[in-house]
Amino acid sequence: SRHVEGAPNSHVAQALLPQAHVLQRDAQGLHVNMMLCLNDHIEAMDGDALQRALAFLPLWRRERALAYRHPEGQLLSALAYIELCRALALRGERVQKPRFECNAHGKPTLPECPGLHFSMSHCRLAVGCMVSEKPCGLDIERIRPLKPTLVQRTMNRQEQEQIMASVCPEMEFSSRRTRKEAVFKLLGTGITDNLPHILCEAHERGIQFSTICNPARGYVLSTARQDR
């Protein structure tokens, strides 16, 4: 974990995020000042992590986290917000514990940081937040056994053939699905009927992708960025 002055207090940075990762890229090439903060050591966190995380949150976010029925969902919701705070602090933003707003489809905005875009995602194994100066989307999913009916419903014919022909169909499917989810988060439209063909539309719009597969920890994450 990196410690930066102005980052979330040491109680949170040291106790909650001991092994979190930071990926930052600047305006060279296709990347436009993008930062991704990721915690994929959730299973190693101790039994008091939820209470410490909830104690860090502002009241409005704590209420949202506690709206989840199970403690696991509460913890993941809390950690996602902490990753947002950490990403902003590492960028040198002055805002602390920001309040964000969401549109009808759940796309968040930061009124206190005009010009900044962000996207959060989590699964049982990892939680992350992406912050960028351009529209962005992040999706993280567990690698699961392949369901042919789900492949047919979410992928176009060419994608289906490529998935089934790959060395690891489960990972290939997760990679493509997270890219699609990331695009919808970037666009802020929610998932539409164009799901099987959304990646073709994204390429036409100039949306760029990055995918990280981590079979050792059992998850895949993808980012989408509107760099132009």
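These figures come from a predicted structure and were not determined experimentally.
No side-chain heavy atom of Ser132 sits less than 4.5 Å from a side-chain heavy atom of Phe118. A heavy-atom distance below 4.5 Å is found between the side chains of Arg177 and Glu141. Using a 4.5 Å heavy-atom cutoff, the side chains of Met130 and Arg225 are in contact. Contact annotation: the side chain of Leu221 approaches that of Leu36 to within less than 4.5 Å [non-hydrogen atoms, C-beta and beyond]. Residues Pro98 and Cys85 meet the side-chain proximity criterion, which asks for heavy atoms closer than 4.5 Å. Using a 4.5 Å heavy-atom threshold, the side chains of Met45 and Asn39 count as touching. Residues Tyr219 and Asp40 are in side-chain contact: their nearest non-hydrogen atoms beyond the backbone lie under 4.5 Å apart. Val131 is listed as a side-chain neighbour of Leu116, based on a closest heavy-atom distance under 4.5 Å.
Taking both residues in full, the closest heavy atoms of Cys37 and Glu83 are given as CB-OE1, 3.0 Å, listed atom of the first, atom of the second, then distance. Counting all heavy atoms, side chain and backbone alike, Lys180 lies closest to Pro196 at NZ-O, 3.1 Å.
Under the 3.5 Å distance criterion, the side-chain polar atoms of Lys107 are matched with a main-chain donor or acceptor of Lys185. Under a 3.5 Å cut-off, the side chain of Ser121 and the backbone N or O of Ile140 do form a donor-acceptor pair. With hydrogens and angles disregarded, no donor-acceptor distance shorter than 3.5 Å links the side chain of Gln74 to the backbone of Leu54. At distances below 3.5 Å, at least one donor-acceptor pair connects side-chain atoms of Ser119 with backbone N or O atoms of Leu138. A donor-acceptor contact shorter than 3.5 Å is absent between the side chain of Asn156 and the backbone of His197.
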Verdict with reasoning, Ile143 to Val220, per side-chain contact (heavy atoms from CB on, under 4.5 Å): CA-CA 7 Å; Ile143 301 171; Val220 172; 3.7 Å; yes

message: Determine whether Glu159 and Arg179 satisfy the following criterion, salt bridge (charged side-chain N to carboxylate O under 4.0 Å, His left out), listing intermediate values before the conclusion.
response: CA-CA 13 Å; Glu159 291 171 336; Arg179 289 176 202 163; over 6 Å; no

- request: Just do the side-chain contact (heavy atoms from CB on, under 4.5 Å) check on Leu38 and Val127 with the steps written out, would you?
  value: CA-CA 6 Å; Leu38 175 72; Val127 58; over 6 Å; no

- request: Take Ile42 and Leu76 through the side-chain contact (heavy atoms from CB on, under 4.5 Å) test and state the conclusion after the steps.
  value: CA-CA 9 Å; Ile42 296 171; Leu76 293 173; 3.5 Å; yes

message: Set out, in order, the CA-CA distance, both residues' side-chain angles and the distance that settles side-chain contact (heavy atoms from CB on, under 4.5 Å) for Thr192 and Phe184, then state yes or no.
response: CA-CA 8 Å; Thr192 68; Phe184 283 120; 3.4 Å; yes

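A tilted orientation is assigned to the rings of Tyr81 and Phe56, their planes being inclined by 30° to 60°.
Between Glu112 and Arg99 no salt bridge is recorded (no basic side-chain N to carboxylate O distance below 4.0 Å). Salt bridge Glu201/Arg205: present, at least one basic N to carboxylate O contact under 4.0 Å.
Sequence neighbours left out, the pairs with a member in residues 160-175 that pass side chain to side chain donor-acceptor pair (under 3.5 Å) are Gln162-Arg176, Glu172-Arg176.
The side-chain hydrogen bond (donor to acceptor under 3.5 Å, both in side chains) test with Ser77 is passed by exactly one of Arg61, His122, Arg64: Arg61. With Met155 as the fixed residue, the side chain to side chain contact (heavy atoms under 4.5 Å, CB included) test singles out one of Leu199, Leu195, Ile163: Ile163.
By the neighbour-count criterion of 12 heavy atoms within 6.0 Å, atom CZ of Arg62 is densely surrounded, having more than that number from other residues, nucleotides or ligands.
Note on Tyr68: it does not cluster hydrophobically with Leu59, by side-chain heavy-atom contacts below 4.5 Å among ILVMFWY residues.
Aromatic rings from Phe209 and His203 are positioned such that their centres are separated by under 6.0 Å.
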